[in-house]
A.B. asks: 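Got a structure for you, written out below as structure tokens; questions coming shortly.
We name chains A, B, ... by the order of the sequence lines, and we start the count at 1 in each one.
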Amino acid sequence: MMNIIFLARITFKGIIRERLFSVLVLVALFLFFVTPYLTALAPRQGIQVALDFVMSTVSFAGLMLAIFLGSNLINRDIDKKTLCSIITRPVSRLQYVLGRFLGIGTVLLFSTLLLVIFGLFSFYITVHFFNSQGESPNWFLFGINFFFNIEMLLILVAASFFISSISTSSFLPLMFTIGFYFTGESIAKVKALLESSKTIELNAILKMIVSAAYYIFPNLTLFDFKTSAAYNLKVPALDLLLIFFYGTVYTVILLILTINIFNKRDIA
Amino acid sequence: MRSYVLLGVFIVGYIVFLPVMDGYSKARLADRDIRYIPHKELIEVSSLEFRNIVSDMLFLNTLSFVGGRTQSKEDLETWGWLYKTLDASSYLNPYNMDPYFIAEGFLTWHGKMFRETNSLLERGMQYRTNDWIMPFFIGFNYYYFLNDPDAGAKYIEQAAQRPGTSRTTLIALASRLYVQSAQTELAIALVKDDSEKTKDENLRIAYQARLNALYARLYVEQAVEAYKKVYRKNPASIDVLISKNYLSKKPISSEGGEFFLDKDGRVRTAIEIRIEKRAQMYR
């Protein structure tokens with residue numbers, strides 16, 4: 001356990017040292033300047049638009065971090081021989097994968113929290129000084145949205161680790177993770193659309209591919225509570241529990257697969 | 001030093017060049033002003049988890065259209081584009097009320113797309129369950145633009161059931177529309193039901209006054225129906241009904257003076273005619 005925490009700390013420090021903070025400040029500045037502009041153009045629901053924008057920007061920043069950090073880390077360790085020096089110490093490959101995963105998770109948590117604070121600040125400035133109109137949002141669901149956003153990002157990181165464990169270049173994990181995200185976000189809608197469409201006749205093979213993708217890829221839209229938070233919609237507690245369970249199980253499956261493949265991989 | 005000079009030259013060149021590019025980009029934008037919007041389902045799938053922001057962007061597009069072109073008459077294609085964009089925007093985020101307001105303000109009055117506007121507002125009504133303005137707009141459109149007071153009354157009655165509105169006003173409005181669509185019994189039932197539910201004594205008094213007016217109208221309407229059954233034609237006036245003993249005295253509406261019969265034999269009051277004439281002036 002100590003080894004995992006040690007590796008997580010190294011990962012966190014390493015990423016922070018790579019000027020992550022400057023990137024986050026840039027995103028925060030973007031939020032700060034664009035939120036009032038967007039809100040001014042929404043006559044009746046400025047509060048909702050401001051909140052939508054803050055949540056979407058934070059999600060997007062997290063998404064970029066998860067995709068680029070997750071798909072790059074393992075292969076870079078292999079290329080730079082960092083992995084060899086780590087696993088020659090009393091650190092197992094399982095501990096290596098979990099440590100790196102926990103490290104990226106901490107970075108995602110840290111950056112999300114930081115951006116949420118900046119975002120709330122720009123939201124407050126916008127609503128206070130531009131006298132935005134709208135309904136009062138659900139702050140509990142606002143927090144829940146980011147909790148599930150991080151869980152969704154962890155699934156992406158786990159997916160990128162999985163593909164990194166079988167790939168020899170950084171390019172493939174990057175492309176795979178982007179594709180994984182796009183598929184996860186759209187497959188449920190695509191399946192529903194194809195099934196309900198009267199104009200598109202589904203051939204058996206296409207139907208099989210869509211069905212297979214639907215069950216293999218996670219439904220990432222479930223982790224999105226932006227609308228519920230901004231418009232104060234009710235979300236049953238059981239739904240939250242189920243989604244959390246769903247995300248955790250999917251992440252664990254990917255991590256187990258990653259560790260198993262990684263254990264068999266020849267690293268020299 | 002030389003590199004800084006070069007940098008300065010390029011920056012000056014860039015600044016000089018900016019107005020030229022500005023003109024070019026505006027011309028290009030005008031060139032590209034083909035009002036095309038992809039299918040809303042396609043937009044939904046491709047906007048991933050950012051559909052609310054995409055919805056806001058689509059709405060902003062409509063604002064620039066509304067801000068710049070309301071004075072000129074637009075062709076059907078352009079109004080169609082506005083409808084499709086508002087449809088896509090409200091499809092991606094049905095909870096945002098702004099697209100519905102733009103639809104009601106422009107698609108109806110300028111674009112004459114009454115049914116299309118109502119279809120958007122139906123979506124708003126379905127998702128914004130605590131918002132009375134959506135059914136109210138639909139009811140208004142049915143009554144005012146589509147000349148269907150019956151459907152109008154039904155939606156305004158639904159608006160009255162929602163929180164945050166002047167329930168009495170909307171109930172009174174719905175009952176008037178029911179009267180206009182020759183459904184006085186329905187109007188009575190609506191007002192009576194609400195009168196029984198209210199705990200406010202002042203409201204009950206207001207409802208009672210409305211009920212009295214409705215009962216008086218119903219009394220005349222029933223007399224007209226009885227006369228028509230016997231004589232197989234409309235009575236010429238209220239006086240005819242009195243002379244033939246269908247009415248004992250000349251009834252008076254507590255809200256609009258004396259009743260009279262129009263050329264179709266419908267029971268009317270002077271105030272109703274005045275309101276209708278005023279409405280026609282604005283149409």
A.B. asks: Which of residues 3-13 of chain B have a heavy atom under 4.5 Å from any heavy atom of chain A?
C.D. replies: none
A.B. asks: Please state whether the side chain, the backbone, both or neither of Phe53(A) comes within less than 4.5 Å of a heavy atom of chain B.
C.D. replies: both
A.B. asks: Counting heavy-atom pairs under 4.5 Å to chain A, which of Asn93(B), Leu42(B), Asn96(B), Thr129(B) comes out on top?
C.D. replies: Asn96(B)
A.B. asks: So does Phe110(A) have more than 12 non-hydrogen atoms from other groups sitting under 6.0 Å from CZ?
C.D. replies: yes
A.B. asks: How long is the span from the CE atom in Met97(B) to the CD atom in Glu135(A), to the nearest 0.5 Å?
C.D. replies: 5.0 Å
A.B. asks: For Phe114(B), I'd like to know if atom CZ has over 12 heavy atoms of other residues, nucleotides or ligands within 6.0 Å.
C.D. replies: yes
A.B. asks: Measure Asp224(A) against the heavy atoms of chain B and call it side chain, backbone, both or neither at under 4.5 Å.
C.D. replies: side chain
A.B. asks: Please determine whether the number of non-hydrogen atoms from other residues, nucleotides or ligands lying under 6.0 Å from atom NZ of Lys191(A) exceeds 12.
C.D. replies: yes
A.B. asks: Please flag which part of Phe60(A) lies under 4.5 Å from any non-hydrogen atom of chain B: side chain, backbone, both or neither.
C.D. replies: both
A.B. asks: Of the non-hydrogen atoms in Tyr95(B) and Gln45(A), which two are nearest, and what is the gap between them?
C.D. replies: O-OE1, 3.3 Å
A.B. asks: Given a strict heavy-atom distance threshold of 4.5 Å, which part of Asn232(A) is in contact with chain B: side chain, backbone, both, or neither?
C.D. replies: neither
A.B. asks: Counting only heavy atoms not in Tyr246(A), do more than 12 fall under 6.0 Å of its OH?
C.D. replies: yes
A.B. asks: Counting a contact as any heavy-atom pair under 4.5 Å apart, which residues of residues 44-59 of chain B contact chain A?
C.D. replies: Glu44(B), Val45(B), Leu48(B), Glu49(B), Phe50(B), Arg51(B), Asn52(B), Ile53(B), Asp56(B), Met57(B), Phe59(B)
A.B. asks: With only heavy atoms counted, which part of Leu233(A) is less than 4.5 Å from chain B, the side chain, the backbone, both or neither?
C.D. replies: side chain
A.B. asks: What part of Thr221(A) gets closer than 4.5 Å to chain B, counting heavy atoms only: side chain, backbone, both or neither?
C.D. replies: neither
A.B. asks: By a 4.5 Å heavy-atom criterion (distance strictly below it), what part of Met152(A) contacts chain B: side chain, backbone, both, or neither?
C.D. replies: side chain
A.B. asks: Decide if atom CD1 of Ile205(A) counts as having more than 12 heavy atoms of other residues, nucleotides or ligands within a radius under 6.0 Å.
C.D. replies: no
A.B. asks: Output the residues of residues 176-186 of chain A for which the shortest heavy-atom distance to chain B is under 4.5 Å, in residue-number order; output 'none' if no such residue exists.
C.D. replies: Tyr181(A), Phe182(A), Glu185(A), Ser186(A)
A.B. asks: Would you please name every residue forming a side-chain hydrogen bond (donor to acceptor under 3.5 Å, both in side chains) with Asp131(B), sequence neighbours left out?
C.D. replies: Arg128(B)
